[in-house]
Amino acid sequence: MLTIKSSIYLSIKKVLNNLSFPVKDFSIIPPKIPEFGDLSSNIALLLAKDLNKSPMDIGQIIIKELNNYPNDYIVDISLTKPGFINFKIDNQFFQNQLLEILEKNDNYGKGIIGEGKKANVEFVSANPTGPLTVGHGRNAIIGDTISNILEWQGFDVVREYYFNDAGRQMRILAKSVEARYFELLGQNLQLPEDGYQGDYIIDIAQSLLNEKGSELKPGSKWFQSKSEEIIFHDIKESLLKLGINFDEFVNEKTFYDNGDIDQLISDLKEKDLIYEKENAVWFKTSSFGDAKDRVYIKSSGEPTYRVPDTAYHRYKIKRGYDLIIDVFGADHADAYPDVINALNALGHKTNHIKVLIYQFVTLLRSGKKIKMSTRKGDFVTLDKLVSEVGVDIVRYFFIMRSVNSHLDFDLDLATEYSDKNPVYYLQYAHARLCNILARGNNLEYDITTGFNLKLLKHENEILLLKYMSIFPEYAENAYLNLEPQIITNFLQEFSARFHKFYNNCRVITDDVELTKARIALVRASKIVLKNGFRILGISAPERM
RNA sequence: GCCCUCGUAGUUCAAUGGAUAGAACAAGUGCCUCCUAAGCAUUAGAUGCAGGUUCGAUUCCUGCCGAGGGCACCA
């Protein structure tokens, strides 16, 4: 499909040249109405104004000229209403694509955009103050799926987790554990103001008690270090359950220890971008269009998050990635421009940094919103969600909506969903197809050789063939837009076409030739589905 | 008050500026002596409001209304 598209593109360009028409940025896309053809261009519409002619007239001139450049696979060029030029592609083209799919197998649909390039995807990055919640879940799944999408284009991807185990929140966490610890020893509970109230704090206190007995003194560093250890361990376990593995964990503390932060401050000072006022250090965000300047270093001497974040991004740039992606929740939308601005001011190129802002998840139970707060211990953990509905559903639900649209996650629906679930629709197609292949293997002849693709001409066969040949374009679009939903949309439509094919074209029949051809189509369908599932990180069950 | 994202069918969501706005769930009606009915077929049903740009707007711009999230010496 790609090749035929580009050959049409080149032909049109040549024609425009021949006719001395201006070359516009025209499109070649499948028309919404299939009857019009397989591909369609808007070039005549775009030229109408420049040439002061009606698009239909221009279209006719272009088509006449296009006919001088015949293409083996284009069987018809037509002109419709407002001025679209439509191309019908020979079924043979799509039949031949099937050979390519079988040949490439696990690699079918991969792109080469990222070949030889390195990418860094930072996601989750939750500080170890408590278990991962459903909110973190969307971040985790988006980040991991984006990573898969990049790998599918050939990128060498580093999945990175950035955290801070030295801030105020961690101190409060330690104090909370300490309070619970002494409560377990029979003292009155004195949770700190703003303390963490979740039950997991009691569990941590209990394991400290088991390990250290009652010897710990108030203010012991064990309260924090043990909490961090336990929570981080749990976080990694939760992610692992979802099939997510990080390559790097970067601690904010690094940049204090290695001098990067001091360096950053002095570099910004040199650029005259920071100044002191009222005992604090301020960053001139107003010079980048912000309403007011922001505090960089508090009067207490503690830097605000902008400082280490900027140092961290500088570090990422230094590591020489071709692409750097940050996955942030909507609450960070206002913060990251400061980081980018600072980097630009310091002379760093930031075009290769893409910040992905996703909108929040609203959890619904019994039709009502659940308001969550880690601090109050009032949340649904990711673990709980996974154990309730399973990995495949969690992964799929979090990316089935566009990244920048709010996501409603209905717990009742997800738990009792089982047979109405959109994930099962896809997986069922795969299971069905595996069953056909299993039956095929029991036939007394070899189903994998000597098939005649020309026999695949039923409407539902052609529709399926056409869609599989477009898979690489969808994978590429998912990369270009950094939008996993493009893959889920593709798989939904692909599965629908497969189910229709299944209902209208019986595969295994007494007609050996037709059986062989259709088995080839089913094998190719399996490849497309499986590869799509691989990008999404969901399983491809052989039976259901 | 200012900034960001989103307003599409009863509900949850699609639609690289294009042609007749697509699905799923919910509602109605059909289809298993036939490779898995977790399926297929079929009937109804929608672009928040008002302007603007364009040959052409769900998409871009302005205003209003509504939802979520930001506007801290929190991250």
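Note that the coordinates shown come from a computational prediction; the quantities given were computed from them, not determined experimentally. We name chains A, B, ... by the order of the sequence lines, and we start the count at 1 in each one.
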Inset, instruction - Taking side-chain contact (heavy atoms from CB on, under 4.5 Å) as the test, write out the residues that go with A:L46, two or more places apart. - result: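 Per chain and number, A:L46 pairs via side-chain contact (heavy atoms from CB on, under 4.5 Å) with A:K24, A:F26, A:N42.
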
Inset, instruction - Quick one: list whatever passes side-chain contact (heavy atoms from CB on, under 4.5 Å) with A:I33, sequence neighbours left out. - result: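 By the side-chain contact (heavy atoms from CB on, under 4.5 Å) rule, A:I33 matches A:E35, A:F36.
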
Using the ring pair (Phe, Tyr, Trp, His ring centres under 6.0 Å) criterion, which residues pair with [X]? Sequence neighbours excluded.
X	result
A:Y467	A:Y474, A:F490
A:H313	none
A:Y315	A:F255

For nucleotides 29-34 of chain B, print each protein N/O atom paired with a nucleotide N/O atom at under 3.5 Å, atom names and distance only.
from  : atom 1 : to     : atom 2 : distance (Å)
B:C34 : O2'    : A:R506 : NH1    : 2.3

Inset, instruction - Can you tell me, in whole Å, how much space there is between the C1' of B:G28 and that of B:A67? - result: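 These two C1' atoms come out 33 Å apart once rounded.
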
Legend entry - Any pair counted as salt bridge (charged side-chain N to carboxylate O under 4.0 Å, His left out), so long as it reaches residues 391-405 of chain A, sequence neighbours left out: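 Applying salt bridge (charged side-chain N to carboxylate O under 4.0 Å, His left out) to every pair that reaches into residues 391-405 of chain A, excluding sequence neighbours, yields A:D144-A:R395.
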
Hey, can you pull the donor-acceptor pairs under 3.5 Å for the side chains in residues 296-305 of chain A, sequence neighbours left out?
from   : atom 1 : to     : atom 2 : distance (Å)
A:S300 : OG     : A:E302 : N      : 3.4
A:T304 : OG1    : A:V295 : O      : 2.9
A:T304 : OG1    : A:Y296 : O      : 3.3

Output a table of nitrogen or oxygen pairs between the protein and nucleotides 6-12 of chain B separated by less than 3.5 Å.
from  : atom 1 : to     : atom 2 : distance (Å)
B:U12 : O2'    : A:R401 : NH2    : 2.9

Legend entry - Residues in side-chain hydrogen bond (donor to acceptor under 3.5 Å, both in side chains) contact with A:D165, at least two apart in sequence or another chain: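 Scan of A:D165 (side-chain hydrogen bond (donor to acceptor under 3.5 Å, both in side chains), adjacent residues dropped) gives A:N251.
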
Inset, instruction - Summarise how protein sits on nucleotides 52-59 of chain B as a single string, 5' to 3': B when a protein heavy atom is under 4.0 Å from the base, S for sugar-phosphate-only contact, - for no contact. - result: ---B----

Inset, instruction - Would you write the dot-bracket representation of RNA chain B, where each base gets (, ), [, ], | or . depending on whether it forms a Watson-Crick or G-U pair under 3.5 Å and with which partner? - result: (((((((..((((....[...)))).(((((.......)))))....(((((..]....))))))))))))....

